[in-house]
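Naming convention: chains lettered A, B, ... in sequence-line order (proteins, then strands); numbering from 1 in each chain.
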Amino acid sequence: MVEYLNQLNESQLQAVEFNQGPSLIIAGAGSGKTRVLTYKIAYLMSLGLAPHNILALTFTNKAAREMKSRIAALEGEATSRRLWMGTFHSVFSRILRRESEFLGYTSDFTIYDTSDSRNLIKTIIKEMALDDKTYKPAKIQGVISMAKNQLFTPERYSQDKENIEHDIRAKVPMTSEIFKAYNARLKASNAMDFDDLLFNTNVLLRDHPDVLARYQQQFQYILVDEYQDTNFSQHLIVQRLADAHHRVCVVGDDAQSIYSFRGANIENILNFQKNYPEAKTFKLERNYRSTQNIVNAANSLIKKNTEQLEKNVFSKNEVGDKILITGAFSDFEEGMIVSNKVAEMRRAKKTSYSDFAILYRTNAQSRIFEESFRKKNIPYRIYGGLSFYQRKEIKDVIAYFRLVINPNDEEAFKRIINFPARGIGDTTVGKISEAAKLHNASLWSVLSDPLRYNLNINAGTAKKLTGFREMIESFLEQLRQLPAYDMAMLITKQSGVAHDAYQDTSPEGMSRQENLEELLGAIHEFTDSRMEEGEENYLLPDFLSEVSLLTDQDTDKDAEAEKVTMMTIHSAKGLEFKNVFVVGLEEELFPSSMALSEVKGVEEERRLFYVALTRAEDFCMLTYARSRFRNGQTESSNPSRFLKEIGEEFLDVQDGMLSRSFSLGNERRESSFAGLRASEPRWSSFSEERNKRESPFQKPQTVQPVLPRSNFVKAENARPKAGSNDGADDVKPGDVIAHERFGMGTIVEVSGDANSRKATVEFENAGTKQLLLKFAKYKKVK
DNA sequence: AATCCACTTGTTTTT
DNA sequence: CAAGTGGATT
């Protein structure tokens, strides 16, 4: 038998070994769910299933990466790479690109992110001459998203009595028309939003039996993680794919379902047995993560929810300390209390800062902790907020990439038609838009042939338009030839984006330059690794299709660093920390005021709190503030109802929740007066950091600016042009080489002729890799 | 066409 | 408080 199986407990082992039919694994918090999934995949392969016949769907890219690397450790990297593992969105976008013709898209379709999609909705509302105070774009977007996740087309939506009546009552009867126009515009732009990735996968599998059969055949075994957070659309994809063989295993915990706002349906997990009557259920109830006290406290809380699957989560770890509850006078003081406690505990217990996490309900709360931690020189890292790929300067360059790859991309077009400023203003864009709408064409086709569409513009403007068009066309010509990095550099320089970035020497401007540099650095790394490993797909579209579904969590460059983690509870799901602070436990904040109107809403908030508590291994502290700065003014607040729902025996209440007396010592009391807030200089987060560091950029150059310094000079020199690595050392099996990225390695095998010599190299720390010698950057050592 | 300023507005969580 | 809008100014 496979030796690693003895690392599992009885119920874990049963879950791993059962694979004759559908199974449902109810995995309590901290019960070794990932371990079970990993071993189950390894076990399936030991039974002879090929990696590419296994489909494993996770909730985040990060989770997929982690599982992949664990499997790589067991089975080797070559094997783990062939698994179909990723989020629903990333796996099915890959499949949709491959099968795009069946749906009337090209394989280069753009994926609109939330803000692209909102902008489009805004435009449509404006074009339909509706009032955007009645038809709030964000709200409409939510309605459309929910509808798509229920697999409603605009037609079906408009025929649904409930929807229509609701919209009439809410005085937004045109919603279904907006939905219709929105979908039409996406299609015309050769673009899909996040929900379309799932929706269209369903359409593909529904309408093309041969395609369905192909994938059913391929995915011999399907595993789904975090099943409680799947929506109907996702659920149906799984059902369709598993329909032929029923070899499907879903893992989840109904007590941790926290994504209903995104259409997640807790019913999916509750109904799994109904869908597959022969399904076998396994329960993982032993929590290995937390102390008994924390597990029991969390249990006492979640008991207040009505609907849930029966289970008994328990811990055999130490009993542990009680959960601390402390009230603060203000949000400011809450920050002080928490940062003091962190500093004190780190000193006393000699733990690393990376063992601490501050968890909050809303991203806006991060600021106050940022300030108090900075004041004490405690290093921290904030996750979430606006992600790298959402920064303006990054979106701008990416819009260029997008337009070159898919000229019909309307949002990209609008974003860059006049950026950097080239004298094509709103009026002109308005005219193009109108002509496009009139002829049902894309903005790009109007631009390409202004005469045909009778564009009423003057000669000067026409010339500017032609200039823009020719520039994009010149990029287009090279798109399939140049490697991603070279293409990206070309676009960045020639479009004037680089020049524009150089002009601005303000701190903000410097930060923008750095971000651009970072993006280009990422593209460079992508290109290199693809070329070195002899992959074909090293073009810009390949890069874009890979990053367009990444979030900030996925670019965790210094996750290892010695820093306190600050994040929302949502993004903390699946993580664990020795010491956890759950902050802002106040009515209207947590539970959120948005959730209070419905019982279901409060129950979801309670599950969210349950998730927060169960992140902690040893120590947990809960805080609330009596007053908080919100919407520009100080508002008073009451302790959260959830605090009273935890069994008293698990708590150590340092500040009577109702009494107003302070038991926090003098120094803190002083700091609780709001006057301090005003006298505190409020640095914007980056301006301070900026002043400390020296800019890697040089002064703007007078001639044609060359973008990046540091990374890029090195980069351009380092990577030889294709086929020109003449100076490289020749190698034979047994030789030892030092590789720029993978470190030391031994040559195992060399194959191929002079122009495409490939070496199999066994690296000390990076596993075994196939390298194309003409691209690889290495030195022969022995 | 671009910039600037005064005003309103709103706020949960994210693939 | 912040972002976003609309209007006025150059």
Specify the separation, in whole Å, of atom [atom1] of [X] and atom [atom2] of [N].
X	N	atom1	atom2	value
A:Asn631	C:dA3	CG	P	14 Å
A:Leu359	B:dT14	CG	P	12 Å
A:Asn61	B:dT15	CG	C1'	8 Å
A:His570	B:dT13	NE2	C1'	4 Å
A:Asn119	C:dG4	CG	C1'	12 Å
A:Glu604	B:dT14	CD	C1'	12 Å
A:Asn149	B:dT14	CG	P	17 Å
A:Arg630	C:dA2	CZ	C1'	15 Å

For the side chain of [X], starting at C-beta, report the closest nucleotide among [options].
X	options	result
A:Thr60	B:dT14, B:dT15, B:dT11	B:dT15
A:Arg367	B:dT12, C:dA2, B:dT15	C:dA2
A:Ser592	B:dT11, B:dT15, B:dT12	B:dT12
A:Met594	B:dT13, B:dT11, B:dT15	B:dT11
A:Arg361	B:dT13, B:dA2, C:dC1	B:dT13
A:Thr428	B:dA1, B:dT12, B:dT15	B:dA1

Do A:Asn363 and A:Ser366 have side-chain N/O donor and acceptor atoms under 3.5 Å apart?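 Absent: no donor and acceptor within the cut-off.
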Remember a base hit wins even if backbone is also touched, and classify [X] as base, sugar-phosphate or nothing at under 4.0 Å, heavy atoms.
X	answer
A:Asn418	sugar-phosphate
A:Lys573	nothing
A:Ala595	nothing
A:Gly632	base
A:Phe59	sugar-phosphate

Taking the six-membered ring for Trp, are A:Phe88 and A:His235 closer than 6.0 Å centroid to centroid? no
Which atom pair, heavy atoms only, marks the closest approach of A:Ser637 to A:Ala625?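 So the minimum-distance heavy-atom pair works out to OG-O, 3.0 Å.
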To check you understand the geometry: which heavy-atom pair defines the closest contact between A:Glu334 and A:Val583, and what is its length? OE2-CB, 3.5 Å
So that I can tick it off, tell me whether [Y] and [X] are bridged by a salt bridge, with the cut-off set at under 4.0 angstrom between side-chain N and carboxylate O.
X	Y	value
A:Arg97	A:Asp108	no
A:Lys148	A:Asp193	yes
A:Glu645	A:Arg641	no

Side-chain N,O ([X]) to OP1/OP2 ([N]) below 4.0 Å:
X	N	result
A:Lys122	C:dT5	yes
A:Ser571	B:dT14	yes
A:Thr568	B:dT14	yes
A:Asn363	B:dT14	yes
A:Asn231	B:dT15	no
A:Thr427	B:dA1	yes
A:Lys136	B:dG10	yes

For A:His570 and A:Phe261: C-alpha separation, side-chain torsions, deciding distance, then whether ring pair (Phe, Tyr, Trp, His ring centres under 6.0 Å) applies. CA-CA 12 Å; A:His570 281 90; A:Phe261 68 91; 5.7 Å; yes
By nearest nucleotide on DNA chain B, pick out whichever of A:Lys133 and A:Glu605 is the more 5' one. A:Lys133
Under a 4.0 Å heavy-atom cut-off, which of residues 256-268 of chain A touch DNA chain B?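 Per residue number, the list reads A:Tyr259, A:Phe261, A:Arg262.
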Mind telling me whether A:Tyr259 and A:Phe59 have parallel, tilted or perpendicular rings, with 30° and 60° as the class edges? tilted
Expressed in whole Å, how much space separates the P atoms belonging to C:dG4 and B:dT13?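 Looking at atom P only, C:dG4 and B:dT13 are 15 Å apart.
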